[in-house]
Amino acid sequence: MNTPAYALAQETYAALGVDTEAALQKLQTVPISLHCWQGDDVSGSEHPDASLTGGGIQATGNYPGKARNLQELRQDLDRAISLIPGRHRLNLHACYADLGGQKIDRNQYTTAQFQGWIDWCKLRGLGLDFNPTYFSHPLAADGFTLSHKDAGVRQFWIEHGIACRKIAAEMGKQLGTPCVTNFWIPDGYKDTPVDRKAPRQRLEASLDAVFAEKIDPAFNVDAVESKLFGIGSESYVVGSHEFYMGYAVKNGTLLCLDAGHFHPTESIADKISSVLQFVPEILLHVSRGVRWDSDHVVLADDATRAIMEELVRGDFLGRTHIGLDFFDASINRIAAWVIGARDALKALLAALLEPAARLREAEDAGDYTTRLALLEEARTLPMGAVWDEYCVRQNVPVGPAWLDDVKHYERTVLAGRA
Ligand code: RNT
Ligand code: ZN
């Protein structure tokens, strides 16, 4: 039984040649990879007092109730997932290893430290994506990892990368869906370097060593993520966009585009159709920079919508892995997950509901007046009714009702974590 509002919306869209049922069908096939690190401000689980250090990234805020261990993180993830329509994935960082009290360093990690996560995902029908962790570690404390001057430090991080790819392949195998392993490293200088070349040469050699072993893409695929600048690496980042674009094209890896990793007026939406002409697939870190790479909660704003529009218009969804990447410690962390994921999905739905045929016809005919007029009229079409219908069908709360659930959880569960 459809809601009356949906029935009306369906008619409105049909008059513009848009099939809302087809849009909803498509929407439920697109997984969003939910990043575990929103749950605890990128602290991880390696020591009892683990916290984010260095790495050119920063979580700000001290909202109470942060997950203090893996059990709490999983409990919080379960709650968030129950409020997000559709079937999605979990994006895990290696610093969320389950060490069971043992002292194991990152270059020694094996599947054993992640079997708990694999089982957890299997039970819930979630795919799993993975990230080696090149920060919050003594050997990353001076801001360099895979491009470090010291061969011993580089070797440690190469071994970490190799270990993570093996674990990721096992995740993909056990869960029956390829794992996307994303490599992001913080390496860079606060102040102007004299030698920009050597660190990049070392990074290339290190990556070649990490990726030397071929892995069946049915189990694991690798992505590399660039960045313009970071906290403490304002003047120079080894893994710049040009560096990784070149690396990905040369080596056939995926390229990861993070929405917060470019100049503030630059949009990753415009990069998608260029990049996909030269690399087989991309990974997106859907994020929101506010003046800088601040990793604010994703919104269904123009920037996110532009990204989703490109994926739909260019027929790129089949070659794109969508992940979220933000960490806001100033609001309820479960709400942050839910807002970001629901808004990414809303932006995608808006793109799927575009009067695409009419728009293309106008553009092809050189009628840019009609193109502009239709694009602007599309903004106020009744998308909300279609979104609500999707939530009803997917058995998740409609509208802001999910917030009552989160507030209740805050009172009954999070409050006890003081
Ligand atoms: C950092 C990158 C990277 C991280 C995660 C935690 O600027 O965006 O993706 O946010 O690996
Ligand atoms: Zn990112």
Side-chain angles (χ1 to χ4, degrees), residues 32-46 50-60 67 73 89-97 106 128-137 140 143-146 157 160-161 164 168 179-188 222-234 236-241 243-244 248 253-264 266 268 271 282-298 303-304 307 320-329 333 336-337 340 344:
I32 304 271
S33 202
L34 197 63
H35 55 313
C36 72
W37 53 91
Q38 164 58 56
D40 70 344
D41 318 336
V42 210
S43 299
S45 60
E46 290 168 324
S51 65
L52 173 62
T53 57
I57 53 177
Q58 204 168 347
T60 54
L73 185 63
R89 305 175 63 86
L90 177 69
N91 198 4
L92 196 65
H93 239 287
C95 61
Y96 292 80
R106 288 185 193 165
L128 194 46
D129 298 310
F130 202 38
N131 305 260
T133 308
Y134 288 100
F135 49 82
S136 303
H137 188 281
F144 285 86
T145 62
L146 287 176
W157 290 117
H160 178 55
C164 284
C179 180
V180 180
T181 301
N182 182 50
F183 285 77
W184 175 75
I185 62 164
D187 301 29
D222 305 294
V224 289
E225 179 181 8
S226 71
K227 189 162 177 168
L228 177 66
F229 80 95
I231 303 286
S233 60
E234 289 85 356
Y236 169 75
V237 168
V238 183
S240 61
H241 176 58
F243 177 89
Y244 281 125
T253 68
L254 277 63
L255 187 72
C256 172
L257 297 171
D258 182 308
H261 287 194
F262 295 87
H263 286 279
E266 222 176 331
I268 63 166
K271 302 180 188 304
I282 53 171
L283 167 64
L284 295 182
H285 272 187
V286 182
S287 187
R288 177 167 55 109
V290 176
R291 300 186 190 277
W292 58 288
D293 175 42
S294 52
D295 292 285
H296 281 60
V297 177
V298 163
T304 310
I307 294 168
T320 305
H321 305 265
I322 304 174
L324 302 178
D325 184 12
F326 52 80
F327 26 100
D328 190 336
R333 294 171 185 79
W337 264 323

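Counting starts at 1 for both ligands and their atoms, following the listed order.
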Basic-acidic side-chain contact under 4.0 Å: Asp40, Arg333:
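Looking at Asp40 and Arg333, the cut-off is not met.
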Salt bridge present between Asp258 and Lys227 (N-O < 4.0 angstrom)
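So Asp258 does not pair with Lys227 through a salt bridge.
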Treating Tyr134 as the side-chain partner and Trp157 as the backbone partner, does any N or O pair qualify as donor plus acceptor under 3.5 Å?
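Yes; at least one donor-acceptor contact below 3.5 Å.
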Do Ser33 and Asp129 pair up side chain to side chain, a donor and an acceptor below 3.5 Å, judged on atom types alone?
yes
Return all protein N, O or S atoms below 2.8 Å from the Zn ion (ligand 2), chain by chain in residue order.
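Listed by chain and number: Glu225 OE2, Asp258 OD2, His285 ND1, Asp325 OD2.
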Quick one: pull up SG in Cys95 and CG in Asn131 and give me the separation to the nearest 0.5 Å.
9.0 Å
Apply salt bridge (charged side-chain N to carboxylate O under 4.0 Å, His left out) to Asp328 and list each qualifying residue two or more places apart in sequence or on a separate chain.
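Counting only residues at least two positions away or on another chain, Asp328 forms no salt bridge (charged side-chain N to carboxylate O under 4.0 Å, His left out).
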Go through the structure and list residues passing side-chain hydrogen bond (donor to acceptor under 3.5 Å, both in side chains) with Ser136, not counting sequence neighbours.
none
Check each protein residue for a heavy atom under 4.0 Å from ligand 1 and list those that pass, ordered by chain and number.
Trp37, Ile57, His93, Trp184, Glu225, Lys227, Asp258, His261, His285, Asp293, Asp325, Phe327
Compute the ring centroids of His93 and Phe130, then answer whether they are less than 6.0 Å apart.
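They do not qualify: ring centres at least 6.0 Å apart.
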Do Leu257 and Glu225 have side chains that approach each other closer than 4.5 Å (heavy atoms only, starting at C-beta)?
no
